[in-house]
**Q** 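The structure under discussion is supplied below as structure tokens; questions concerning it will follow.
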Protein chains: 4
Amino acid sequence: MRALSPDQSARRPVGRPREARADRAILSATLELMAEHGVKALRVGEVAARAGVGKATIYRRYRSKDDLVADAFGALVDEQIEVPDSGSTRDDLLTLALETTELYTGTLGAKLLPSLIDEMSRREGLASARDRFMTERRKGLRVVFERGIARGDLRHDLDLEFALDVLAGPLFYRLLVTNGPIDEALASATVELILRGFAPESPRRSQHTKKRHNSK
Amino acid sequence: MRALSPDQSARRPVGRPREARADRAILSATLELMAEHGVKALRVGEVAARAGVGKATIYRRYRSKDDLVADAFGALVDEQIEVPDSGSTRDDLLTLALETTELYTGTLGAKLLPSLIDEMSRREGLASARDRFMTERRKGLRVVFERGIARGDLRHDLDLEFALDVLAGPLFYRLLVTNGPIDEALASATVELILRGFAPESPRRSQHTKKRHNSK
Amino acid sequence: MRALSPDQSARRPVGRPREARADRAILSATLELMAEHGVKALRVGEVAARAGVGKATIYRRYRSKDDLVADAFGALVDEQIEVPDSGSTRDDLLTLALETTELYTGTLGAKLLPSLIDEMSRREGLASARDRFMTERRKGLRVVFERGIARGDLRHDLDLEFALDVLAGPLFYRLLVTNGPIDEALASATVELILRGFAPESPRRSQHTKKRHNSK
Amino acid sequence: MRALSPDQSARRPVGRPREARADRAILSATLELMAEHGVKALRVGEVAARAGVGKATIYRRYRSKDDLVADAFGALVDEQIEVPDSGSTRDDLLTLALETTELYTGTLGAKLLPSLIDEMSRREGLASARDRFMTERRKGLRVVFERGIARGDLRHDLDLEFALDVLAGPLFYRLLVTNGPIDEALASATVELILRGFAPESPRRSQHTKKRHNSK
DNA sequence: TAATAACCGAGACGGTACGTCTCGTCTTAGG
DNA sequence: CCTAAGACGAGACGTACCGTCTCGGTTATTA
């Protein structure tokens with residue numbers, strides 16, 4: 001009799017299903033309000049009002065305001081990067097650097113990043129989300145460096161983790177600490193540093209890279 | 001916040017003067033409690049109790065809890081650095097890198113930094129305090145790089161601002177973003193990168209001898 | 001304060017309705033604590049705790065602590081009197097006088113009356129509540145005097161308002177001003193005064209009153 | 001040498017003597033502010049400011065705010081009554097009744113009386129001040145009644161305490177409780193009541209002649 | 001078709017921290 | 001030793017927000 005897909009764990013629950021509309025409205029309202037007033041001044045009641053939703057509807061989805069904020073940050077970060085492969089190590093690295101530059105020159109990202117970082121330092125859930133995200137992203141970036149090594153543009157004993165930190169470090173340092181300019185000059189200087197600093201010991205030249213380059 | 005008497009003629013105000021003891025007790029209690037429970041769980045009432053002070057005594061000094069937190073952060077940052085001058089550019093840079101490493105492996109700094117950064121991104125007062133601090137600190141660091149240029153260890157068209165960001169960037173990136181290890185390996189890798197990446201175009205003559213110096 | 005729904009069609013408000021249980025608990029706790037510590041030492045936080053209620057729940061109902069106190073006084077006064085009709089004017093008056101005596105020898109009434117009076121002198125709302133209460137009560141008492149007039153025990157041009165003030169005046173004067181004894185002697189002396197002082201000019205004797213009486 | 005009245009125990013204290021000016025300024029300011037805002041809204045700081053005095057100067061004279069209020073009330077009450085002796089019991093009583101009427105139709109007295117009474121009900125010090133005042137005042141009033149008895153206008157077994165309460169009771173009842181009119185009609189009605197209600201049993205002989213007097 | 005169950009918006013609930021206010025004391029410099 | 005000014009410790013006030021609960025009502029699946 002009543003065998004309803006015992007293998008499929010789907011288990012359709014009884015009762016009225018949750019409204020997908022509310023899910024989206026809550027996240028949108030949260031992101032808007034975070035951008036407007038900052039994370040600290042975010043009020044759950046305001047989110048509910050802006051989303052046209054009862055507070056209980058939020059708390060049915062998120063255990064706490066911090067969880068809501070965490071999920072909203074997660075939604076921000078969900079975009080995927082595309083690994084460039086132009087044949088030129090310099091161009092590939094520059095593409096990555098400029099992409100990041102643009103991402104954090106945009107209003108929302110730059111505005112919320114400090115709060116995101118603060119939140120991560122305190123919340124287990126966010127930190128592990130960060131780890132998943134980082135692992136994924138760096139897996140992509142790593143390919144670019146590996147191609148550079150294969151081409152002979154970068155030394156083959158390159159510390160990949162460190163190289164990735166050098167690619168993003170100065171940018172984030174300016175963004176978060178010194179308030180220095182985040183621009184193309186920064187991106188190209190970073191790339192140039194990497195190419196020189198991590199160049200192979202012996203000066204054998206690149207196989208696939210375009211030869212001439214007069215930096216800037 | 002603290003500059004009250006612009007010059008010595010400052011008119012002595014009537015009435016009982018503020019107790020310097022209370023100023024210190026409030027800041028100490030604030031820093032202690034921030035380290036213990038985090039910035040978010042800081043309670044003004046607890047600060048008052050720990051400092052042996054009435055709440056009004058705190059609010060006579062600070063307009064709000066946020067102001068109190070900001071000033072406490074300011075107190076954290078007031079320490080001065082010493083510029084090393086060993087004769088070796090590599091050694092000097094390594095000293096600086098290791099100093100920073102140690103500073104942010106310590107409990108308090110690392111624990112509070114994300115909150116400090118978040119706070120700075122929102123509060124004008126803290127940001128300008130940050131600028132003063134940064135300007136001062138970088139003025140010292142710059143000397144090390146200039147000596148390196150003079151020695152011929154670093155290219156003479158070096159972008160000093162960028163070089164400073166490279167020195168600290170990877171460390172802060174790991175600290176704030178990737179949660180990567182902050183250790184001597186990081187410090188020495190960073191220094192090595194700088195020496196190679198910013199090496200003069202022409203094969204360098206000497207390393208430790210102070211030769212010609214066409215600074216800038 | 002309490003009149004919300006002007007007629008039966010009253011629009012049912014949305015949201016969770018107020019809890020009648022809380023209304024009662026707040027008033028009870030207020031009266032208890034006023035009796036225990038006096039009106040001046042009444043703490044809103046204590047009321048909330050005793051009532052098992054949050055402070056906001058009190059402030060949702062009352063604009064301020066004074067409003068709460070006013071309403072609590074109002075609740076004290078809501079009791080109804082029963083007009084005696086024994087056939088004897090003297091007995092009826094004595095009954096009334098003794099009732100009042102007892103009411104204000106009891107702890108709560110006597111303890112809170114001075115504060116109530118003080119509060120009334122300052123607060124519009126309480127004063128009008130007092131007026132409603134007084135009008136109602138005196139309407140009842142008036143009947144007793146009117147029966148006395150009809151029986152010929154009291155002069156028919158009796159100033160009823162004044163007579164009522166004489167019935168209660170000495171008692172309240174002792175209670176509030178002189179701290180004199182509030183007892184049966186006072187009650188019977190008052191009644192005797194009224195019977196003699198307001199007796200008809202011509203000595204025609206009562207029709208319905210019991211004849212002989214040797215007071216005490 | 002320096003012998004300054006060694007016998008007079010006066011004990012001239014060393015140091016600067018207290019300023020009598022301050023005493024008066026404090027009391028004046030207190031009475032003004034009590035009349036303006038009510039006793040409850042009286043702030044010690046406001047009194048000090050209005051009196052042009054430091055708070056400590058107030059607290060050197062009064063142990064607490066309640067003490068200050070008590071003393072201010074005392075200052076209100078310090079006036080002495082003059083016992084009338086016209087030869088007519090009715091006229092004397094009427095004089096007393098009208099005097100009281102006028103006293104409490106004035107703004108300040110009427111305005112502060114409820115607060116005074118409330119304060120008395122709670123504070124030992126004020127209550128005993130009240131007792132002293134009452135004893136003194138009633139000693140004077142009593143004479144009028146005794147003369148009435150002597151003249152044969154009042155019964156000689158008159159309960160003097162009760163008679164005094166009747167004289168003032170209705171007035172205070174209206175003043176404090178019913179908010180009824182305080183006027184000459186009330187005064188004369190009260191006097192008439194007393195004369196009839198406390199008339200001698202046997203038909204009175206004379207009215208104004210001083211006959212026998214068995215004063216107690 | 002009716003019953004059941006979980007959903008929905010609205011808003012009251014208990015609790016807790018905030019920032020303000022007042023009390024009565026204490027600490028200045030000065031009379 | 002007094003004075004005016006005003007900071008001090010203590011603690012209550014009234015507000016704001018969190019996360020839960022309670023309404024009347026809606027939208028699905030189950031019987």
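Letters A, B, ... mirror the listed sequences (proteins, then strands); counts begin at 1.
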**Q** Return the residues of residues 21-37 of chain A meeting this criterion: a heavy atom under 4.0 Å from some atom of DNA chain F. Order them by number, or give none.
**A**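 DNA chain F contact set from residues 21-37 of chain A: none.
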
**Q** Run the salt bridge (Lys or Arg N to Asp or Glu O under 4.0 Å) test on D/K40 and C/D66 for me, step by step, so that the C-alpha distance in whole Å, both residues' side-chain angles and the decisive distance to 0.1 Å come before the verdict.
**A** CA-CA 11 Å; D/K40 210 164 175 184; C/D66 283 355; 2.9 Å; yes

**Q** Does A/I58 reach a base, just sugar-phosphate, or nothing at all? Heavy atoms under 4.0 Å.
**A**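 Nothing: the residue A/I58, judged by heavy atoms under 4.0 Å, touches no strand.
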
**Q** Between A/L68 and A/D71, is any pair of side-chain heavy atoms under 4.5 Å apart?
**A**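 No. Closest side-chain heavy atoms not under 4.5 Å.
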
**Q** Can you check whether C/L27 reaches C/D23 side chain to side chain, under 4.5 Å on heavy atoms?
**A**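 Counting from C-beta outward, C/L27 and C/D23 never come under 4.5 Å.
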
**Q** When you check the phosphate oxygens OP1 and OP2 of F/dC8, does a side-chain N or O of B/R16 lie under 4.0 Å from one of them?
**A**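 No, because none of the side-chain N or O atoms of B/R16 sits under 4.0 Å from OP1 or OP2 of F/dC8.
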
**Q** So, is C/Y59 close to the F/dG14 phosphate, meaning a side-chain N or O under 4.0 Å from OP1 or OP2?
**A**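 C/Y59 to F/dG14 OP1/OP2: side-chain N or O found under 4.0 Å.
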
**Q** Measure distances between side-chain N and O atoms of C/K55 and base N and O atoms of F/dG14, and say whether any donor-acceptor pair falls under 3.5 Å.
**A**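 Indeed, a donor on one side and an acceptor on the other fall under 3.5 Å apart.
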
**Q** So what does D/L42 hit on the nucleic acid, given a heavy-atom distance under 4.0 Å: a base, only sugar-phosphate, or nothing?
**A**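 The answer is sugar-phosphate, as D/L42 gets under 4.0 Å only of primed atoms, P, OP1 or OP2.
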
**Q** Distance check: side-chain N/O of D/R61 vs OP1/OP2 of F/dT3, anything under 4.0 Å?
**A**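 For F/dT3, OP1 or OP2 has a side-chain N or O of D/R61 closer than 4.0 Å.
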
**Q** Return whichever of C/G15 or B/R60 has its heavy-atom-nearest nucleotide of DNA chain F closer to the 5' end.
**A**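 Going by which nucleotide is closer to the 5' end, it is B/R60.
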
**Q** With nearest nucleotide decided by heavy atoms, which residue, B/R18 or C/E19, maps closer to the 5′ end of DNA chain F?
**A**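 That would be B/R18.
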
**Q** Less than 4.0 angstrom between a side-chain N/O of C/T57 and OP1 or OP2 of E/dA12, yes or no?
**A**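 So the side-chain polar atoms of C/T57 never come under 4.0 Å of the phosphate oxygens OP1 or OP2 of E/dA12.
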
**Q** Scan C/A48 against the nucleic acid and name what it touches under 4.0 Å (heavy atoms): base, sugar-phosphate only, or nothing.
**A**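 C/A48: no heavy atom of the nucleic acid under 4.0 Å.
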
